[in-house]
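Since the structure comes first, as structure tokens, the remarks are kept for the end.
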Amino acid sequence: MEPYVLPDHPESLAEAQHLAQVCQTVQREIDKLEKDTGVGAEEERIIVVPADATMDEQVMMDILRMKVDTLHNLARSRRQAYFAHLDFTPEGGAPETHYLGRWGVHDTSTLDVVVADWRSPVANLYYSGQVGPMDYEAPDGKVRGELTLKRMLTVEGERLISLFDSGVVSQDAYLQGVLGSVSSDRLKEIVTTIQAEQNLVIRHPLRQNLIVQGVAGSGKTTIALHRIAWLLYAFRDTLRPEQMMILAPNPLFLSYISQVLPDLGVERVIQTTFAGLCQSWMGKHAPRMQLVSRLEEKLTGTEASRAAMGEVLRRKASLDMKRSIEAFLDGYQAEILPSNGLRFGGHTLYTPEEVQDIFLKQLRPFPLAQRIDELKKYIKKRLLQVAEAMKAAMDKMAQDRLTLLLSSLPDGEERRARARKLLQSRDDRMAEIDQRAKQYLKEFPSLFPDLSLLTVYRTYLMRHESQAVQEATLPLLDKKRVQQEDLAALCSICQAVYGLPKKPLRHIVMDECQDFSPYQLALLHEQYPAATFTLVGDLMQGIHEEEGISDYRQWMEPVFGGEATLLQLVTSYRNTVEIMTLASRVAARHPVPGQQTARPVLRYGEEPTVTVYTTDKERYAALRQQVKAWLEEGYHTIALIEKTRAGAEHLYKLLKNDLPVRLMKEDDTDYQGGVLILPAAMVKGLEFDCVAVCNASSTEFADDPFLCRMLYVMLTRPLHRLRVLATGEVTPLLAAK
């Protein structure tokens with residue numbers, strides 16, 4: 001091991017001594033908690049509260065879980081105690097020193113805050129301020145004063161690696177140094193580099209819905225995850241991780257972001273996709289999904305086929321379809337009732353009017369299938385009464401005949417035989433009534449039509465939707481399959497027919513929100529009425545516009561009733577200036593409403609190269625050489641992006657024997673680094689050290705809005721290097737306006 005050398009700074013020795021004291025405190029607190037809980041600091045232990053636990057047991061388990069969570073965070077602090085040193089003098093008060101870390105550290109023997117959590121109010125001095133007059137919001141109100149020192153430190157265990165005092169110039173240098181590093185296999189937390197505009201998003205009030213429009217590379221996803229961590233800290237007395245949910249665009253993206261929350265000390269937050277959520281809602285009633293990429297279909301289709309598909313997708317995404325289905329279901333509940341009421345053995349159990357009163361009014365709070373079960377209870381009670389009356393009448397008739405028989409025949413074998421036959425006949429017929437009543441109850445559900453989701457959906461489509469929607473949907477229903485765009489409608493039907501499970505969520509984060517439809521968002525809003533939303537997206541990356549939205553006003557009034565705040569993130573932290581300049585040129589070809597030009601952090605790098613080749617063979621040879629060069633430079637994640645799945649598969653076959661490439665497919669759920677070959681449909685939301693857009697020719701990317709947005713997404717994936725190749729003629733989208 002190399003000898004440990006203190007950084008060259010006049011305060012290095014004092015800072016190193018302070019670090020040693022903090023590390024001692026951390027270890028002392030770890031020792032206490034390990035003894036108290038019986039759990040090791042590095043031991044993974046999940047505390048599960050039994051369903052049948054008493055109130056006292058639940059409280060004890062909750063306390064144990066809090067202690068174990070604190071222990072795990074202290075173990076993380078042992079590896080890196082803090083990252084910043086602040087000196088602040090409040091007005092009329094004594095100077096204060098604060099050290100900021102990813103996890104707060106308290107000395108329980110003195111009740112002192114040794115390290116302030118990055119989510120604490122005082123941390124705003126670091127994220128939003130420079131040396132000089134400053135203020136921040138504390139629980140007791142605004143604190144004004146002067147920030148006299150803002151020092152950034154790099155700490156590893158008990159070693160002080162670096163430190164420097166921050167001004168505007170040094171802070172930019174620190175940020176550029178972090179952004180200039182090579183990427184890892186997973187998205188990382190950015191606690192030490194959160195910027196002022198990002199800090200506003202993170203600390204937005206819980207009670208308000210928030211829409212964040214962020215340019216590519218502005219850190220939308222990362223900031224949304226840090227917002228979850230902040231909310232759980234700020235509302236730790238009332239908010240639990242299980243009451244929060246992240247909705248991501250696909251399982252691969254969930255894998256990509258999987259490490260951020262654990263690195264922030266947050267566990268047990270629900271993480272899923274909209275399709276996964278719908279399947280969990282519908283449970284055993286969920287139909288099978290047809291695994292197809294609509295984006296891939298659009299990329300391989302003609303402009304006419306995209307237009308036809310868009311008409312269907314826009315309809316299925318709309319609030320108009322939601323209202324249409326709800327109106328259909330409202331009428332359907334009366335339509336399924338037996339038109340002549342309910343009768344048994346010539347007796348009226350319930351008239352049509354009585355059935356309607358019970359089913360449509362008294363039982364209205366229940367879903368249809370449960371109403372049928374509840375109606376059956378009504379029927380059973382009335383049926384027993386009618387059956388008993390029928391048996392009583394039959395018994396009286398038999399008794400009258402028996403009396404006549406006894407009076408008309410002398411005592412003897414014949415009279416006894418006929419009496420036995422009469423009574424046996426009575427018993428048989430009474431037993432038959434009981435059997436018929438049982439059979440009636442058994443067959444009662446058959447009085448109603450098939451209420452399977454696909455059957456009800458088919459009925460709706462046949463009656464209320466256009467021929468285009470029917471032709472796009474019914475052939476799949478015949479195969480007992482649906483596509484993702486059908487899920488919102490099916491959930492509405494399932495809610496009406498079988499009910500959907502209720503979970504008390506308090507906050508929902510939706511990433512790539514521009515790809516969520518008004519129907520989907522309204523459905524979520526209905527299912528979780530107590531929840532507020534954080535929606536992060538970029539309209540310029542709205543490559544699913546037919547299924548999603550093109551303007552946030554499509555949500556503001558119809559879904560949120562105007563009660564949502566829109567914030568903009570316009571600084572791009574991912575790309576170099578040169579890469580973002582090229583991507584912005586493409587975006588300007590077909591701008592979206594309200595689009596703001598991305599402002600990259602002043603991090604410079606190599607100019608992206610756009611190279612045109614005469615033949616595909618030459619282009620593929622250039623790709624091989626480029627990948628080898630990037631690998632030799634030490635880059636970790638390299639993406640070769642083809643427009644279509646077929647193109648990606650073809651490229652993989654060409655390169656797999658020469659290079660360590662991996663072909664990514666739509667059903668992949670595990671994100672790994674290395675040299676990846678991906679279709680364009682999979683890259684949104686991901687980032688890589690280096691990107692090669694494999695064929696940006698004019699035949700692949702015509703000058704239209706959809707392909708413009710698609711190319712923009714591809715161009716904004718790299719952190720450091722971008723190479724664009726084309727065969728024949730380059731796309732006009734790359735031409736300067």
Side-chain angles (χ1 to χ4, degrees), residues 17-85 97-123 139 153 155-160 189 191 225-226 228-244 258-270 504 506:
Q17 290 172 341
H18 180 78
L19 175 61
Q21 294 171 359
V22 171
C23 289
Q24 290 173 7
T25 301
V26 170
Q27 188 58 52
R28 193 165 57 246
E29 294 299 319
I30 286 175
D31 293 341
K32 288 180 186 177
L33 283 170
E34 284 184 330
K35 183 178 179 180
D36 189 19
T37 63
V39 177
E42 304 293 343
E43 178 185 347
E44 288 298 326
R45 180 73 65 87
I46 299 175
I47 309 299
V48 179
V49 181
D52 58 349
T54 64
M55 183 63 72
D56 287 344
E57 289 172 335
Q58 289 182 32
V59 171
M60 291 177 62
M61 295 296 280
D62 283 342
I63 292 173
L64 177 60
R65 182 160 55 190
M66 290 171 59
K67 289 182 176 180
V68 170
D69 287 346
T70 301
L71 179 59
H72 288 161
N73 287 340
L74 285 168
R76 297 181 177 101
S77 294
R78 186 162 55 184
R79 296 189 285 273
Q80 185 188 51
Y82 47 76
F83 58 83
H85 171 183
T97 293
H98 303 279
Y99 282 84
L100 300 186
R102 288 171 172 81
W103 310 278
V105 177
H106 291 73
D107 186 336
T108 55
S109 63
T110 63
L111 301 181
D112 290 335
V113 177
V114 178
V115 178
D117 193 292
W118 70 272
R119 297 166 289 187
S120 63
V122 75
L153 308 104
V155 169
E156 293 179 2
E158 297 185 16
R159 293 164 57 94
L160 178 63
E189 52 84 9
V191 166
L225 297 172
H226 283 65
I228 288 175
W230 177 79
L231 288 171
L232 288 170
Y233 174 87
F235 299 93
R236 53 193 175 276
D237 293 334
T238 58
L239 186 62
R240 294 176 176 272
E242 299 89 344
Q243 296 174 315
M244 308 189 81
S258 62
Q259 199 53 45
V260 176
L261 287 179
D263 283 349
L264 294 171
V266 174
E267 306 283 353
R268 304 188 302 278
V269 172
I270 301 167
R506 296 276 307 282

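Along the sequence shown, residues carry numbers from 1.
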On a heavy-atom basis, which atom in [X] and which in [Y] lie closest, and how many Å separate them?
X    : Y    : result
V155 : A81  : CG1-N, 4.1 Å
R102 : F83  : N-CE2, 3.9 Å
C23  : G157 : SG-O, 3.7 Å
K67  : D36  : NZ-OD2, 2.6 Å
E267 : P241 : O-CB, 3.0 Å
L261 : L225 : CD2-O, 3.4 Å

- Pairwise side-chain contact, V26 with V115, heavy-atom cut-off 4.5 Å (strictly under): no
- Query: Tell me the salt bridge (charged side-chain N to carboxylate O under 4.0 Å, His left out) pairs involving residues 17-29, sequence neighbours left out?
  - Reply: R28-D107, E29-K32
- Query: Relative to each other, are the rings of Y82 and Y99 parallel, tilted or perpendicular (30° and 60° limits)?
  - Reply: tilted
To the nearest 0.5 Å, how far apart are [atom1] in [X] and [atom2] in [Y]?
X    : Y    : atom1 : atom2 : value
H72  : W103 : NE2   : CH2   : 13.0 Å
T37  : M66  : OG1   : CE    : 13.5 Å
T238 : Q243 : OG1   : CD    : 8.0 Å
L19  : E156 : CG    : CD    : 11.0 Å
I30  : N73  : CD1   : CG    : 10.5 Å
R65  : R268 : CZ    : CZ    : 4.5 Å

- Item | side chain to side chain contact (heavy atoms under 4.5 Å, CB included) between H226 and W118, intermediate numbers included | CA-CA 10 Å; H226 283 65; W118 70 272; 3.8 Å; yes
- Could you give me the CA-CA distance, side-chain angles and deciding distance for T25 and D112, then say whether side chain to side chain contact (heavy atoms under 4.5 Å, CB included) is met? CA-CA 11 Å; T25 301; D112 290 335; over 6 Å; no
- Query: Considering residues at least two apart in sequence or located in another chain, which fulfil the side chain to side chain contact (heavy atoms under 4.5 Å, CB included) criterion with A84?
  - Reply: L100, Y126
